Amino acid sequence: MFSLRNFLFSVAATTVLCAVSGLSARAEGTNSDLVKRGEYLTRMSDCQVCHTAKDGQPFAGGRPFNVKPFGTIYSPNLTPDKETGIGGWTDDQFVKAVREGVSPGWKHLYPAMVYPDYARMTPEDVKAIRAYLATLAPVHKEKPANTGVFGFGPARVTMVFWNLLNGPASSWPDDPKHSANWNRGRFIVEGPGHCQECHSPRTLTMAPSTSNAWAGNVADGWLAYNISSDKQDGLGNWSAEDLTSYLSTGHAPGHGTASGPMAEVISHSLRFLTKEDMAAAIEYIRSLPPRASAAIKAPSSTDQSSVMRGEAMFDGACAGCHLRDGEGRNTPFADLTGDHTARAPDGRNLLLLLKQGSNLETENGSVFMPHFGHGYDDQNVVDMANFVLDHVGKTKAGLTQADLKKFMEEAGE
Amino acid sequence: MNAFAGKPNAARRAVLIGGGALVFSAALPLRRGRARDLGGVPETGVLVENPANAFSPNAFVRVTPSAAGEAGEIVMVMPNVEMGQGIYTQSVVLIAEELDVDPVNILLEAAPPSDVYMTAALGTEATGGSTSTMSQWDPLRQAGAAAREMLKQAAATRWGCSVDLLKTENGKVLNTKTGQSLFYGEVASEAALLTPPKDVPLRPSSEWKLIGHARHRLDSRIKVEGRCEFGIDVIKPGMKVGTVSACPVMGGRVKSMDRAAALAVPGVCDVLKIDNAVCVVADNYYAAHKGLKALFVQWDEGENAHVDTALIYQQLHDGLNDPKPLVAEKHGDAPKALAGAAKTYEAIYQQPLLAHSPMEPINCALHIRKDGADVWVSTQVPLRARDAVAEIAGLPKESVTLSSQYIGGGFGRRLEHEYVAQAAMFAKQVPYPLKIVWSREEDIQLDRYRPAYVDRVRAGLDEKGDMTSIVFDLVGPAVCARWAPAGMTKEGFDPDLAVAIAPPETPYYYKNFQENYIRRETPGVVTAWWRGVGGTRGLFVIESFMDELALLKNVDPLEWRRRLISHEHPRARGVLDLVAEKSGWGKPLPPGHGRGVCLQFVFGSYMATVATVNLEDPLNIKVVSVDSAVDCGEIVNPDQVIAQIEGGVIFGLGTALFDEITLKNGRVQESNFSTWRIIRMNEAPPVRVHLVQSHEKPGGIGECGTAAIAPAIANAIAAATGRRLRTLPLMKALHSSEGEN
Amino acid sequence: MIDLRINDQIHSVDVTPDTPLLWVLRDILGMVGTKFGCGIAECGACTVHLDGKAVRACVLPIGAVSGRSVTTIEGVGADPVGKAVQEAWIERDVVQCGYCQPGQIMAATALLKETPHPTDMQIDEALSGNICRCGTYGRIRDAVHAAAERQS
Ligand code: FES
Ligand code: FES
């Protein structure tokens, strides 16, 4: 399912085998402040999304990461189960795994685990996360075996070199030219928040690009949008309130609703940030230098018959929530007007949204978009998307089944 | 806070003693619902409990005794369940025609589980197979006539006059000489002492005041005002709501679950488990649904985890090569004629597994106690459902009462009662009344499906291209073998699979005919009835094939059919001619358009259908209009025949265009209406129904439209584009290059 | 406790704010006229009015309803347009199983309140979100026109 966003990722099946006697943090009187801090940092680090399989128990791992063309790796179980989870690890082993990408038994973790970012947390931060994870109910769940190159040892050795080039930079002093708030924001965004993993293009060695940072990137098949301050392509026209609303509720009036991977990040991570931390993160994001996106390839013309077919289906299957012109009915979350996804003419996120659906957790329960398929075959889905682009996004609508196929493949489906 | 605390217990204690004609009711005076008083007129359609002390001349009529000068309540017992087909209204009309009462003054009671209400054609108390009107036509009129005669006799005795002087009118017995009158209720007690007469002559059609006249449905008002109580609406004191997840792979079992996590969800009060399913119980459905999510059930999937759609079709297609098919039906020597034919023509058709997805998701409410049980459920088989609960609860059958509820769509789904059995297994674990409501996903993924079939048809043609023989090879499951094994032929053929294909249930004459059957049960799913299994399957095959032969010979498809109609079926010619006229058959159409015809004789009714499609956009099938001419014999309520055809056509059209249940790793992939597509208003063409006046025996109608539409559309597509789609669903076939072989 | 105004009556309910209005109506308040069909806003069986607009109660968290006015099938007959729609439905014998019809009627009433004389196309647009498995669409269309006529 997941792919490049997470070339950085850890694998623990083999590592767990090597763990010997560990300490069960669950057993002894846990320090509740420490656990609370740990829970907060766990959310900020968004551990849950990657370490939860589809319809699986939270933190029990097993989510597949499809790293084309190398193979598939599965996230490990972070619950305190002794045999299949991290119940047998010592705190120091855990800290080393999170901050250095080295797990018990000196195995190098594949860089799907974002340890270079997590290294910006202090060992104490990481221990707090450990303390929190130790309070979870242990789930006995074996990790599926990795496939492709990840099924073997040798790839791990190359990680040593990767680390030398791109590896963790754990000391990161505050920048005195900026406010404390900005520095806190930078810590959140580039550290535990690891936003660049999705939103920055990759270098040749698959590390996030620094020269073209924040200009957007394809992750899990979805386009993680340009979040630099570019007025045209990025967030230059978003007010601080817009960003606060979007990042803490998943929706900002006039900018639409988060979906796909971003909805997950908001559901499990961002909406739990304190007001202060959210403001700090936004201050930092708004200070990012403007960068132009790589141009989106737009189709040359609109496929009118496809739009017409899509219109009929939209009236039936979509307008109940979105209303015919996309302004949304039940809830503001169904408002498509202003939504980037409804006007990006490559249709990438739009098609994936239709095919995969989306789920966003809010304080009033989940807001979701069902996935379409089967009775709505690929041509039907393309037609619906073309109608949205044409009618709501007011842009060229010429998507084809080939586009859908390509995006689905890139999303690992 | 919980409204479940409010309503009076309306537990039903109706016990029917004896079979046959005379049935006493020993009912508690508790009512399920009370008709609202609408200015002296009782409200129609509300189901009531069996009234106490009623005069019950037979299983279908009850008259409560009334004081002098007052009308008693007249209750009619509905032997068939109402699932939209309008049968309550039709049944009332049949009784009322002889009993001389105004249907709007009638109260309705749903028949309890009892052999008395058995549908002979189905071998149990069941509503299905388009049999309702056919099977109730005589018995209900007899019931009305017998009751009327007893009431007259009672009045004659009271007045001391000859019964010949009396007549009945609008719920009263009248003395034609004196002008005196008595409400039925006034003489009900005396009538109850009389012996019911046998074989009262029924009124000739010339005297009918109700039968054959359009009339409003009796259940409309309660339905449009949201007061109709469907199974899912039942609320009893102390009742809780549960929702279920069964192993998505058939035959699998529960391996593990996180009970504590589910119980931690606010509102959740119980987590129940049976071998292959779990149920989370809460004070409202949403809490139960959240609890079910939190439960993270893990399954041992078992041996069906490898079943994929491709495997299912593979097995069916392989079946065509079976060296020893069962010769199910034959006439003449078709194989020989085929071998000696000047030319042969062959086509293979494929039809998918289909879900029912009635709008009311599967549900069942029940209360199982030590001494008995109450069940409130929408079911097409009350007797089977009741017996299943009794068996699971370990109770004598008589101590289990079952109230049949209005059904929010049946389509054969509720001819199954496995969901009642499942509900009973959960409910017996708890002391409180439990209402189980399936999610739509559960409803679609744990349905029992209309089977997938592969049919090969081969025709032998003479030099002129005329058909001399036809051989059908049919591969697929036999639903009957599971549902009603007694209905199977000795040789092991499910006679439903001959419907629409084999004489006499086809309008065509075949010189030489043979139907071969290769039984292949589908792995990984249970297959079941649908809205016309045999007829729907068979008609797509035969009517597509007839069209192909016509085009092959370059004869107008309608004309081709006309020539092939057997002289035993003159009514088939009648409907064909009528539909040709009404649809403008043969008149020019705009470019990209085409007309297709379908002729049928199934469920005892004749019907011819013409569909007009627009394929100007080659990727879209737009159905412009549908015309159907129908001859279903004597009609109780013409408007409801029209409604059934309209609805049946639309139901079948959606499925023909869009739907197919598919499996991957043993799991059904379609889950809700975003993947299991239902036709919507802006895709629904106008359906024009043209009725033929007829005094023949009534035929069934509920499934006719559904059967007709797929072949009519496929034929119209061929006419518009030259493409012959032999695989359903059609939209998928249109969008791929498959479907043509 | 959350206060709700339903059919002009105030109800207080004690549920988590994420509970959809549909289940508050059906399971907490016992108002079962509003139906459950899909739970994902795809079928329209649960359609009610929120401040006069047709909405899907199955995806409407009760936390978002507080302070607004809800009309259900049980109350829509008090409105002249709603009443006209119901009567037109009876007149045209629209219902079959009837399960989808409360939702259809709520959607039709909302349409007529905004567009007193809708064209076929407008009816299709407004009502295509409401599934009828029994296939009563043709009669629904007719009945909406008939209700429009009753109004004028
Ligand atoms: S139940 Fe709400 S739209 Fe289907
Ligand atoms: S009347 Fe049955 S679903 Fe509409």
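Lettering follows sequence order; numbering is per chain, from 1. Keep in mind that the numbers below use all heavy atoms, side chains included, and drop hydrogens, waters and symmetry copies. What you see is a predicted model, and the numbers here were worked out from it, not measured in a lab.
Most heavy-atom pairs under 4.5 Å with chain C, from the set B/Gln640, B/His216, B/Arg440: that is B/His216. Interface check for chain C: of the options B/Ala684, B/Ala214, B/Ser357, B/Gly410, the most heavy-atom pairs under 4.5 Å are formed by B/Ser357. Here B/Met359 is the residue among B/Lys290, B/Glu646, B/Met359, B/His356 with the most heavy-atom pairs under 4.5 Å with chain C. Listed options C/Cys97, C/Gly82, C/Pro20, C/Gly135 were ranked by heavy-atom pairs under 4.5 angstrom with chain B; first place goes to C/Cys97. Of the listed residues (B/Ile444, B/Ile679, B/Val687), the one with the most heavy-atom contacts under 4.5 Å to chain C is B/Ile679. Interface check for chain B: of the options C/Ile40, C/Thr16, C/Leu127, C/Ile105, the most heavy-atom pairs under 4.5 Å are formed by C/Ile40. When the candidates B/Ile407, B/Ile232, B/Val437 are compared by the number of heavy-atom contacts under 4.5 Å with chain C, B/Ile232 comes out ahead. Between chain C and the options B/Phe673, B/Phe230, B/Phe411, the largest number of non-hydrogen pairs under 4.5 Å is found for B/Phe230. Comparing C/Arg92, C/Glu125, C/His11, C/Glu87 by heavy-atom pairs within less than 4.5 Å of chain B, the highest count is held by C/Glu87. Across C/Gly39, C/Cys134, C/Gly33, C/Pro102, the residue that shares the most heavy-atom pairs under 4.5 angstrom with chain B is C/Cys134.
In this structure, no portion of B/Pro686 lies under 4.5 Å from any heavy atom of chain C. Interface residue C/Arg139: only side-chain heavy atoms are found under 4.5 Å from chain B. Residue B/Trp438 touches chain C through its backbone alone, counting heavy-atom pairs closer than 4.5 Å. Contacts between C/Asp18 and chain B at a heavy-atom distance below 4.5 Å involve backbone atoms as well as side-chain atoms. Within the 4.5 angstrom heavy-atom criterion, no atom of C/Leu22 approaches chain B. B/Thr655 touches chain C through its side chain: at least one heavy atom from C-beta onward sits under 4.5 Å away, while N, CA, C and O do not. Looking at B/Arg688, there are no atoms closer than 4.5 Å to chain C (heavy atoms on both sides), in backbone or side chain. There is no contact between B/Gln85 and chain C, counting heavy-atom distances below 4.5 Å. Proximity to chain C involves both the backbone and the side chain of B/Ile642, based on heavy atoms less than 4.5 angstrom apart.
Note that the CD1 atom of C/Ile28 and the CZ atom of C/Arg26 stand 12.0 Å from one another [nearest 0.5 Å]. The line from OH of B/Tyr286 to CZ of C/Phe36 is 12.5 Å long, rounded to the nearest 0.5 Å. Interatomic distance, CH2 of B/Trp376 versus NZ of B/Lys435, reported as 11.0 Å (0.5 Å rounding). C/Asp124 CG to B/Glu683 CD: the interatomic distance, rounded to the nearest 0.5 Å, is 10.0 Å.
Electrostatic pairing of B/Asp233 and C/Lys35 counts as a salt bridge here, judged by a charged N lying under 4.0 Å from a carboxylate O. Between B/Arg217 and C/Asp93 there is no salt bridge, since none of the side-chain N atoms of the basic residue sits less than 4.0 Å from a carboxylate O of the acidic one. Using a cut-off of 4.0 Å between Lys/Arg side-chain N and Asp/Glu carboxylate O, B/Arg680 and C/Glu42 are scored as salt-bridged.
Judged purely by distance below 3.5 Å, without hydrogens or angles, the side chains of C/Gln104 and C/Thr136 never pair a donor atom with an acceptor atom. Side-chain contact check for C/Asn7 and C/Thr72: at least one donor-acceptor pair (N or O, by modelled atom type) lies under 3.5 Å.
The backbone N or O of B/Asp283 lies less than 3.5 Å from no partner atom in the side chain of C/Asp27, so there is not a single donor-acceptor pair.
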Indicate every side-chain donor-acceptor pair of residues 51-60 of chain C with a distance under 3.5 Å to a residue at least two apart or in another chain.
unit_1: C/Asp51; atom_1: OD1; unit_2: C/Ser69; atom_2: N; d: 2.9
unit_1: C/Asp51; atom_1: OD2; unit_2: C/Arg68; atom_2: NE; d: 3.2
unit_1: C/Lys53; atom_1: NZ; unit_2: C/Glu114; atom_2: OE2; d: 3.3
unit_1: C/Arg56; atom_1: NH1; unit_2: C/Thr47; atom_2: OG1; d: 2.9

